[in-house]
Amino acid sequence: MNVGYRVELSQAERGELTSLLSGGKHAARKLKRAQILLAADAGASDENIAANVGVGGSTVYRTKRRFVLGNLEAALSEEPRPGADRKLSGKEEALLVATACSSPPEGRARWTLELLAGAMVKLTAHDSISRETVRRRLAENDLKPWRKDMWCIPQVDGEYVARMEDVLDLYAEAPDPKRPVVCFDESPTQLIGEVRQPIPPEPGQIERYDCEYKRNGTANLFIFLERPPTLPQGEGHRAAYRTGFRRLHARAH
């Protein structure tokens, strides 16, 4: 470690790190790296940073090196770890998530890690899958099957899996401006109005509105999302897009 790396943050980077530390749910290691970068930018020595943040000197060195040789995102992210490849492919992880969100086996109140591991062995070509593999993949997707207030897929069968794989294969294709991938969805929305005029905000006082409201009917909200974006943008293209979206909506109905 005889090479010294000097961390000099821009104002935007300093603000991003400060915001990261001020709130939100983040991994502890990511927060420690943010503290390391801010302390290094302030001129603290590696020894003081390690003692104040509660990490080893090698962690301080690696974080500073990855920032100087890469960028802020590289310094905050996990480095690829050596060892075996991931047990589950992308499609298999999607299948695991869908299975965890489905109804548990008959006679069971909920899915357990062991049950999910056994189900994945039946649904894939793997001879065995450990409960730890299942736990890590679910944690990465912030999925907790035991929660009662989460949205769950009601049933997973062969037809569902086949359609899911078709969508994943489509998203994996290289972007083609001549064949854009446009996602379409609609949602009913209730239109409400104020019964009493809201009180505008004042210094030290946020805007206040009455808890009572009146219903003004409903409307359908249509959403078209291109992923990834390939279509040209600008005022000259919007009229053509509106016409195309109307045709897509008519075909969908």
Check whether any side-chain heavy atom of [X] sits under 4.5 Å from a side-chain heavy atom of [Y], and report yes or no.
X: Ile129; Y: Leu88; result: yes
X: Leu37; Y: Leu76; result: yes
X: Glu132; Y: Val134; result: no
X: Asn141; Y: Leu138; result: no
X: Leu191; Y: Arg215; result: no
X: Tyr209; Y: Ile199; result: no
X: Thr59; Y: Arg33; result: no
X: Lys214; Y: Glu194; result: no

Is the closest basic N to carboxylate O distance between Arg6 and Glu8 below 4.0 Å?
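Yes, Arg6 and Glu8 are salt-bridged.
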Do the side chains of Arg131 and Glu114 get close enough for a salt bridge, i.e. N-O under 4.0 angstrom?
yes
Among Val55, Leu38, Thr63, Val60, the one residue meeting side chain to side chain contact (heavy atoms under 4.5 Å, CB included) with Ile49
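For Ile49, the side chain to side chain contact (heavy atoms under 4.5 Å, CB included) test succeeds with only one of Val55, Leu38, Thr63, Val60, which is Val60.
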Has [X] got a side-chain atom pairing as donor or acceptor with [Y]'s backbone, closer than 3.5 angstrom?
X: Lys32; Y: Val53; value: yes
X: Asp41; Y: Leu9; value: yes
X: Arg66; Y: Ser77; value: yes
X: Asn52; Y: Asn48; value: yes
X: Lys91; Y: Asp169; value: no
X: Trp111; Y: Cys101; value: no
X: Glu13; Y: Ser10; value: yes

Say whether [X] and [Y] are linked into one hydrophobic cluster, either directly or through other cluster members, by side-chain heavy-atom distances under 4.5 angstrom.
X: Leu31; Y: Ile36; answer: no
X: Phe222; Y: Val182; answer: yes
X: Leu123; Y: Val121; answer: yes
X: Val181; Y: Ile223; answer: no
X: Leu17; Y: Leu21; answer: yes

For the residue pair Ser130 / Thr133, report whether a side-chain donor-acceptor contact shorter than 3.5 Å exists.
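On atom types as modelled, these side chains qualify, holding a pair under 3.5 Å.
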From [X] atom [atom1] to [Y] atom [atom2], the distance as rounded to the nearest 0.5 Å:
X: Tyr160; Y: Glu165; atom1: OH; atom2: CD; result: 11.0 Å
X: Arg14; Y: Leu72; atom1: CZ; atom2: CG; result: 11.5 Å
X: Thr112; Y: Arg110; atom1: OG1; atom2: CZ; result: 7.0 Å
X: Arg137; Y: Met120; atom1: CZ; atom2: CE; result: 11.0 Å

Verify side-chain contact (heavy atoms from CB on, under 4.5 Å) between Glu186 and Leu221, making sure each step is shown before the conclusion.
CA-CA 5 Å; Glu186 64 176 303; Leu221 177 64; over 6 Å; no
Taking all heavy atoms of Gly57 and all of Ala50, pick out the closest pair and write down the distance.
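Closest approach of Gly57 to Ala50, heavy atoms only: N-CB, 4.2 Å.
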Minimum heavy-atom separation for Gly193 and Asn216, please, with both atom names.
N-ND2, 3.5 Å
List the steps and the verdict of side-chain contact (heavy atoms from CB on, under 4.5 Å) for Glu92 and His126.
CA-CA 10 Å; Glu92 290 169 342; His126 295 289; 3.0 Å; yes
Other residues, nucleotides and ligands only: do more than 12 of their heavy atoms fall within 6.0 Å of CG on Leu170?
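Counting neighbours around CG of Leu170, more than 12 heavy atoms of other residues, nucleotides or ligands fall under 6.0 Å, so yes.
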Flag if over 12 foreign heavy atoms under 6.0 Å of CD, Gln190:
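It does: Gln190 CD has more than 12 such atoms within range.
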Show the numbers, then the answer: is there a salt bridge (charged side-chain N to carboxylate O under 4.0 Å, His left out) between Arg136 and Glu140?
CA-CA 6 Å; Arg136 289 179 178 177; Glu140 288 177 358; over 6 Å; no
